[in-house]
Amino acid sequence: MRDVAIIGVGVTRFGEIWNKSFRAIGIEAGLKAIADAGLAGDEIDGLFIGNMSAGRFVNQQHIDALIADYSGMASNHVPAVRVEAGDASGGVAFRQAVMAVASGMHDTVLVGGAEKMTDLDDASVNSIVDATADAEWEAAMGLTFPSLHAMIARRIIHDGIATREEIASVSVNSHAHGALNPDAQFRKAITLDTVLKSGPVAEPLGMFDCAPISDGAAAVVLCPLEKAKEFTDSYVKVAAVAQASDTLALFQREDITTYGATVAAANRAYEAAGITAADIQVAEVHDNYTVGGILAVQDLGFAKRGEAGKTFLEGGYQVGAGKLAVNTSGGLKARGHPIGATGVAQIVEIAQQMRGAADKRQVANPRYGLAQSVGGTGSAVTVSILEAI
Amino acid sequence: MASIAKEWREIPGRYNLEGSKCPVCGKVYFPKRGICPECRRESLGKMEDYSVSREGEVYSFSIVHEAPAFTSKLKPYAVVMVRTTDGIMISGQLVDVNLEDVRIGMPVRAVLRRISDDGPSGVIHYGYKFVPN
Amino acid sequence: MEVGIVSYGAYVPRYRITPEEIGRVWGVNGKAMGKGLFINQKSVPSPDEDVVTIATEAARGMMARVPEVNPEDIGCVYVGSESHPYAVKPTSTIVAEAIGATPAMTAADLEFACKAGTAGIQMCMGLVGSGMVKYGVAIGADTSQGAPGDALEYSASAGGAAYLIGSEDLIAVINKTLSFTTDTPDFWRREGQEYPSHGGRFTGEPAYFRHITSAARMMMEAQGTTPDDYDYAVFHQPNGKFPTRVAAQLGFTNEQITQGLLTPEIGNTYSGAVPLGLASVLDVAKPGDRIFVTSYGSGAGSDAFDITVTDRISSYKREKAKTLAQVMENTVQLDYAKYALYKNKILMPE
């Protein structure tokens, strides 16, 4: 197995991108990443796309071929693969691409993630999102995706792991960082009161506990670490890519106040990278609902059970506030959550942090950064660790 | 039309909470499984039908305000995770309840209700929901 | 062979609306209307309830009270209703599946206005009595509709009861049943019509009263009984007024009919009405009690039953399901707007 490097990144603005189609958004991020890597484009010998549901969002299947074609790679007959793992589609696509390079099967790979959600009405979007849980035994029975996370939040509050205010403060943390990210969907800091008083979606969670409906795409270019210098001086090492699964339905778990798949993926990733949670200085975590931020920080080992919420509430995960900054991009809540793009966008953010290119939200001299991507209610989790060179 | 067979084949689970029991370790699962995650190959082809208890208590809950079209007349409505008296966890709606009374530990029982339909001329899908017990 | 009731179960939805609230919308003195009809409130089904769910809840209560009965020994399931959710596709198969009685059995949906439930009991008696089946299930249930603004809107309600008919371990023996049937178009609903129509005052004397009194008198003559021989009497109850009057005409007292008269608190449950009234009586009946029952279905006909409660009712596990008094606790009053939403009276986008 070879070490793998990220040599280029690209991301579109996230948000309601009314004037651009799915294919236009996808290509934009990919071309930015190729340009950032200093490539001509012909070097790319493999393409991986994370996408959850173009088939339902824009009625387009076979988007691997679509992206290969519109990014100009069809003429070279570059193999293209579409990866779907619910909300974790981008994270899993990244891992597949890293494995392709590490194995020696591919040399220079573009991995993208894209989703176009705003071409459908909200009710249709919600129904697609609900289907990332167990469609037969959760969604079909009237359980919405937010309500599943609300039940986790309810139980976390009941068991004394975090308070409602602490859970809400995850959103405050993300919005504060989103204000510093020009590509974020919401670039405005908010107060705790805004979250607590937002209209109820699935009690106890309100509108400001939930990531928005977004369009957007992100991409990174990978190559073997030993070849990275041939293309750029500004590259980042992929120290680990780990993945774990859990039951599809939330109700099948013994304990819903922890994501076993996050714990397992994190342990695998730390072992592969030869580090511990304490070595991570910046993390992008899956806060599609605020309670996800609490679960992530706890299950990734950044805080003991029962202590994650306290640090969020105190602002301790802000850039510059402590040893670890969380969701410097704005997270899913403020940067936006175009589902298939999210896992790759997290990698882009951590790569930029490792390169020292994160501008106003730059963490001081980071060596290790981590991205956690979650599919469903913890049914699939990827944990990737990047290392600054 | 597409959901006719898809829902029809789930009737034992939807109406009567029929799940599976592993004859090797005795563990019970809902919905049905073809293999016991504990015993794996040893249980393959041996899983037995098992009707889960219709009574239990609320393990967690939420009040849904943003609802899909098929539940819009009921909103806001409660959804619950229920630990049945035989130890199985099942999720569903909790109806015929004053929303301010819903709490963790509340005793509930499963009843048959309309879940959704395929439009005014389509098939009606029935299944379990919970009511206070 | 003695044939009778092995078990029973009953269910009424929890929502209610008053005649006063309905009258408020239509510019009618609903309170006076309610007083005249002797209806204080009527039950309303939740949007997720219909004849299938009501019949199932009643049938599951019925089965819970006789855990020793194997549902696979049920040979027939009949559900009588004028508001089956499907015009074509039986309610009874769904209910049968939900109580585990399928597949070695027969089933059919019945319709005879408000007496389809008691017609089902008679059919089960025939099949049990002939030895064709061990147990039969007869259910009367409705989620009846009255046209908005029509007099029926003040009474048409929802509920149902289920009866397990057999020949062993009876909690009540059905000593005899007979019917009085003619062609009398007092109330009807044409195919494809949303709401039923009726003949106004024509539904009284030549319809309800003639059929009930005729069947009742035939029964007492056949059995050599008088009203004094019965502890309870249950008559079809489209409102509270008709059964009170017909009881008086036949010589029954208010004391005999009160326990079986639910209409004042739940409205007219149509096919569910007499089955529910009888269930209410069985909820309190003691060994040896004799019950007189006469249903009425528009169109028109009456089924009369002479029933004697057995000693077995003392050991019968009545507590395994809710009694009607318990079912009727914790009701929730609706305003007309919510009622209109629940009863599909609001035009919704496709």
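Every value quoted in this text rests on a predicted model; they were computed, and no experiment measured them. In what follows, every heavy atom counts, from backbone to side chain, and hydrogens, waters and symmetry copies are set aside.
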Problem - Portion of Tyr128(B) that has a non-hydrogen atom of chain A nearer than 4.5 angstrom - result: both
Problem - Contacting moiety of Ile104(B), where chain A heavy atoms sit under 4.5 Å - result: side chain
Exercise for the section: Find the distance between OG (Ser62(B)) and CG (Leu143(A)) and round it off to the nearest 0.5 Å. Expected result: 8.5 Å
Problem - Glu136(A)/Arg14(B) salt bridge by N-O under 4.0 Å criterion - result: yes
Fill in the blank from the handout: Output for pair (Trp137(A) CH2, Phe30(B) CZ), nearest 0.5 Å, gives 4.5 Å
Problem - Between Met141(A), Met151(A), His158(A), the one whose heavy-atom pairs under 4.5 Å with chain B are most numerous - result: Met151(A)
Exercise for the section: State, yes or no, whether a side-chain contact exists between Met81(B) and Arg155(A) at a heavy-atom distance under 4.5 Å. Expected result: no
Handout entry: Arg154(A) side-chain N/O to Phe61(B) backbone N/O, donor-acceptor pair under 3.5 Å
Key = yes
Handout entry: For chain B, the option from Gly199(A), Ala140(A), Ala249(A), Ala153(A) that forms the most heavy-atom pairs under 4.5 Å
Key = Ala140(A)
Problem - Nearest-0.5 Å distance, CG of residue Leu148(A) to OG of residue Ser91(B) - result: 6.5 Å
Completion exercise
Turns out that what part of Phe70(B) lies under 4.5 Å from chain A's heavy atoms comes down to side chain
Practice task
State, yes or no, whether a side-chain contact exists between Ser147(A) and His65(B) at a heavy-atom distance under 4.5 Å.
Solution key: no
Practice task
Mind ranking Glu10(B), Glu66(B), Glu7(B) by heavy-atom pairs under 4.5 Å with chain A and telling me who comes out on top?
Solution key: Glu66(B)
Completion exercise
So, the part of Val82(B) with a heavy atom under 4.5 Å from chain A: the answer is neither
